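Only one structure is covered here, and it is reproduced in the block below.
If you're wondering where the values come from, they're calculated on a predicted model, not measured in any experiment.
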Amino acid sequence: MAKYQLLLPKMGESVAEATIIKWLKNQGDHIEADDAVVEIATDKVDSEVPSPVSGTLVAMLCKDNEIVQVGDPIAIIETGTDEDNEALIKPLPPVKTEPAPASVVQQHLAAAENEAQTEQVPGIDLLQNKNTEAPKPVVNNASARFYSPLVKSIAQQENIGLNELDQIPGSGTDGRLTKDDLLTYLKNRTPATVPQNVTAPVATPAAAPAPQPATSSAPASDAPQPVKPAASISGGDEIIEMDRMRRLIADHMVMSKQTSPHVTSFIEADVTNLVLWRNAVKSSFEKREGEKITFTPVFIEAVARALKDMPMVNVSVNGTQIIKKKNINVGMATALPNGNLIVPVIRKADQLNLLGITKAVNDLANRARSNKLQPDEIKDGTFTITNVGSFGNVMGTPIINQPQVAILAVGAIKKKPAVLETPTGDVIAIRYMMFLSLSYDHRVVDGALGGAFVKRVADYLENWDINQVI
């Protein structure tokens with residue numbers, strides 16, 4: 001029998017670590033190739049790690065809520081590969097024990113060794129020799145407590161010294177300080193919570209603490225504490241703790257409203273030609289391509305064309321600077337089965353034809369609902385579309401997806417009586433109508449630009465060529 005080291009895979013250029021959320025397999029379970037083994041979370045997306053080989057899960061090297069670096073081992077899978085097929089299992093580097101306490105790794109590896117009855121494991125030194133001395137556990141003291149790169153980066157940005165960081169309680173494995181622990185601390189941080197003998201910031205731990213000038217103000221311990229009103233809870237109420245993704249969404253929405261003065265403009269569009277066109281092509285398209293065509297790709301194409309016409313909507317704000325984006329990357333808000341929301345991004349949408357956009361929309365939406373998106377697939381969006389019409393709503397006032405400056409909500413398409421102008425006079429006809437709602441950041445997008453942009457999108461939809469071929 002051979003043993004395969006399952007490593008935390010690379011999940012994008014900007015992702016260096018992930019948090020173990022939940023093991024989907026138990027020790028001793030049989031695993032088929034491509035079976036999901038563990039659910040992980042990054043700051044951008046939740047996803048699952050599949051096994052590239054078939055076998056038995058003999059060791060889980062990480063615990064729930066533990067932070068793991070990309071490329072580190074997270075599990076050991078015993079395969080049925082014999083010597084003739086040994087080349088199928090690539091040689092692996094020795095287990096790195098630095099990112100996690102050595103005692104945890106040693107315990108899992110020892111358990112795997114006993115089950116393997118002292119058989120050698122290619123690429124795992126600790127299993128090849130019982131007498132190999134394992135590294136000593138890291139001591140969680142003021143000079144050796146482990147902090148992930150993300151925690152160090154946040155601490156440096158917030159000017160938190162090592163002494164203050166060491167005093168923050170951690171909820172991770174063996175008291176490890178997680179990102180959520182640090183963000184919670186920062187929200188409640190007051191002068192009274194900051195140690196008086198704060199050392200230098202994390203980025204420069206060797207520097208000496210700066211002397212504190214004497215002041216005549218009251219001691220920090222006397223500073224008034226913010227008082228939170230007590231929640232009114234009756235005996236029949238249920239308290240539901242937000243999951244990680246819901247907390248991220250909540251924080252992002254609050255931050256957006258605090259950052260951008262929101263204005264929303266509305267317009268009603270006659271999309272009769274578009275509806276008739278889709279009804280005519282949807283059956284043949286599904287037979288030819290093996291997938292459905294919805295209205296979403298058409299909306300994305302219209303938005304991409306309007307953004308190219310009015311590039312000052314395709315911008316972001318950095319202080320007093322307006323950053324005009326080179327690429328048009330359109331995000332589409334996607335509801336997940338668990339009630340949460342995620343926004344995969346179609347990159348360079350203006351360079352894709354309608355078929356290419358349709359393929360991208362279906363692929364991203366399907367993988368979003370099955371937690372198979374990569375972190376890079378939900379970043380760098382420059383504009384967002386949210387389809388409130390899928391729930392029967394006719395319009396909405398969406399919140400801007402920062403750092404973008406605008407978001408478009410598309411409402412339900414309804415049959416309505418409408419007045420049509422003809423050469424012989426006005427007539428009333430039954431038409432397919434819908435509302436478009438554009439929320440925009442009034443710091444950089446004024447009413448004239450915002451109104452003109454949503455009107456341009458409506459024009460593209462109303463003037464849809466009913467004979468267009470896809």
Side-chain angles (χ1 to χ4, degrees), residues 245-246 248-250 252-257 260-272 274-275 278-279 282 292-307 313 329-346 349 357-358 360-362 364-366 368-369 373 378 381-402 404-416 418 431-442 445 447 450-451 453-462 464:
M245 183 173 285
R246 176 49 54 186
L248 290 174
I249 293 172
H252 193 62
M253 294 297 98
V254 171
M255 180 270 290
S256 180
K257 294 293 286 187
S260 300
H262 282 56
V263 178
T264 306
S265 294
F266 305 89
I267 193 169
E268 191 173 24
D270 184 341
V271 291
T272 303
L274 173 59
V275 173
R278 177 179 173 269
N279 290 340
K282 63 181 181 180
K292 296 181 179 181
I293 181 170
T294 64
F295 291 109
T296 300
V298 179
F299 297 149
I300 292 175
E301 183 187 64
V303 164
R305 294 174 66 184
L307 288 172
V313 180
N329 301 331
V330 181
M332 55 175 192
T334 304
L336 301 178
N338 62 4
N340 288 322
L341 186 73
I342 199 167
V343 186
V345 175
I346 298 175
I357 296 176
T358 302
V361 166
N362 292 340
L364 290 172
N366 291 334
R369 297 185 182 104
L373 287 177
I378 61 170
T382 62
F383 188 95
T384 297
I385 294 178
T386 178
N387 189 352
V388 298
S390 59
F391 308 105
N393 304 143
V394 295
M395 63 178 66
T397 55
I399 298 177
I400 298 169
N401 186 15
Q402 298 291 332
Q404 301 164 22
V405 299
I407 179 173
L408 179 71
V410 293
I413 299 175
K414 301 280 189 180
K415 283 184 178 181
K416 298 171 64 175
R431 308 290 290 180
Y432 287 96
M433 308 292 291
M434 69 179 298
F435 282 99
L436 304 176
S437 314
L438 181 75
S439 292
Y440 47 94
D441 187 341
H442 212 333
V445 180
F453 178 84
V454 71
K455 177 66 166 59
R456 183 65 56 87
V457 175
D459 288 343
Y460 283 131
L461 296 178
E462 289 187 336
W464 188 261

Inset, instruction - Evaluate the side-chain proximity of Lys292 to Lys282: yes if any heavy-atom separation is below 4.5 Å, no if none is. - result: no

Legend entry - Side-chain (Asp441) to main-chain (Gln404) donor-acceptor, under 3.5 angstrom: no

Legend entry - Check: Asn329 main-chain N/O paired with Thr382 side-chain donor or acceptor under 3.5 Å: yes

Legend entry - Heavy-atom side-chain proximity of Thr296 to Ile385 below 4.5 angstrom: no

Inset, instruction - Quickly, which of Leu364, Leu373, Val343 forms a side-chain contact (heavy atoms from CB on, under 4.5 Å) with Ile378? Name it, please. - result: Leu373

Inset, instruction - Enter the distance from Ile346:CD1 to Met332:CE here, rounded to the nearest 0.5 Å. - result: 5.0 Å

Legend entry - OG1-NE2 distance between Thr264 and His442, expressed to the nearest 0.5 angstrom: 11.0 Å

Inset, instruction - Taking Arg278 for its side chain and Ile293 for its backbone only, find out whether a donor-acceptor pair lies under 3.5 Å. - result: yes

Legend entry - For Trp464 against Val298, the heavy-atom pair lying closest together: CZ3-CG1, 3.6 Å

Legend entry - Atom of His262, atom of Pro398 and distance for their closest heavy-atom approach: CD2-O, 4.0 Å

Legend entry - Heavy-atom closest pair, residues Ala306 and Arg456: CB-CG, 4.0 Å

Inset, instruction - Check whether any side-chain heavy atom of Met434 sits under 4.5 Å from a side-chain heavy atom of Phe299, and report yes or no. - result: yes

Inset, instruction - May I ask you to decide if Asn401's main-chain N or O and Ser256's side chain share a donor-acceptor pair within less than 3.5 Å? - result: no

Inset, instruction - Nearest 0.5 Å please: distance from the OG1 atom of Thr386 over to the CG atom of Leu341. - result: 6.5 Å

Inset, instruction - For residues Phe266 and Thr397, determine if any side-chain heavy atom of one lies less than 4.5 Å from a side-chain heavy atom of the other. - result: yes

Legend entry - Heavy-atom donor-acceptor pair, Asn366 side chain to Asn362 backbone, under 3.5 Å: yes

Inset, instruction - Evaluate the side-chain proximity of Tyr432 to Lys414: yes if any heavy-atom separation is below 4.5 Å, no if none is. - result: no

Legend entry - CD1 on Ile342 to CZ on Arg369, rounded to 0.5 Å: 11.5 Å

Inset, instruction - Please report the shortest heavy-atom distance between Tyr440 and Gly447, naming the atom on each side. - result: OH-CA, 3.5 Å

Inset, instruction - Taking Ser439 for its side chain and Ile399 for its backbone only, find out whether a donor-acceptor pair lies under 3.5 Å. - result: no

Legend entry - Distance in Å, Ile407 CD1 paired with Leu438 CG, rounded so as to fall on 0.5 Å steps: 9.0 Å

Legend entry - Non-hydrogen atoms of Ile400 and Ala406 that approach each other most closely: CG2-N, 3.9 Å

Legend entry - Euclidean distance, Glu462 CD relative to Leu274 CG, rounded to 0.5 Å: 11.0 Å

Legend entry - Non-hydrogen atoms of Ala269 and Ala458 that approach each other most closely: CB-CB, 4.0 Å

Legend entry - Option passing side-chain contact (heavy atoms from CB on, under 4.5 Å) with Phe295 (candidates Val410, Val275, Leu461, Ile300): Val275

Inset, instruction - Please confirm whether the backbone N or O of Met433 pairs with a side-chain atom of Glu268, one donor and one acceptor, at under 3.5 Å? - result: no

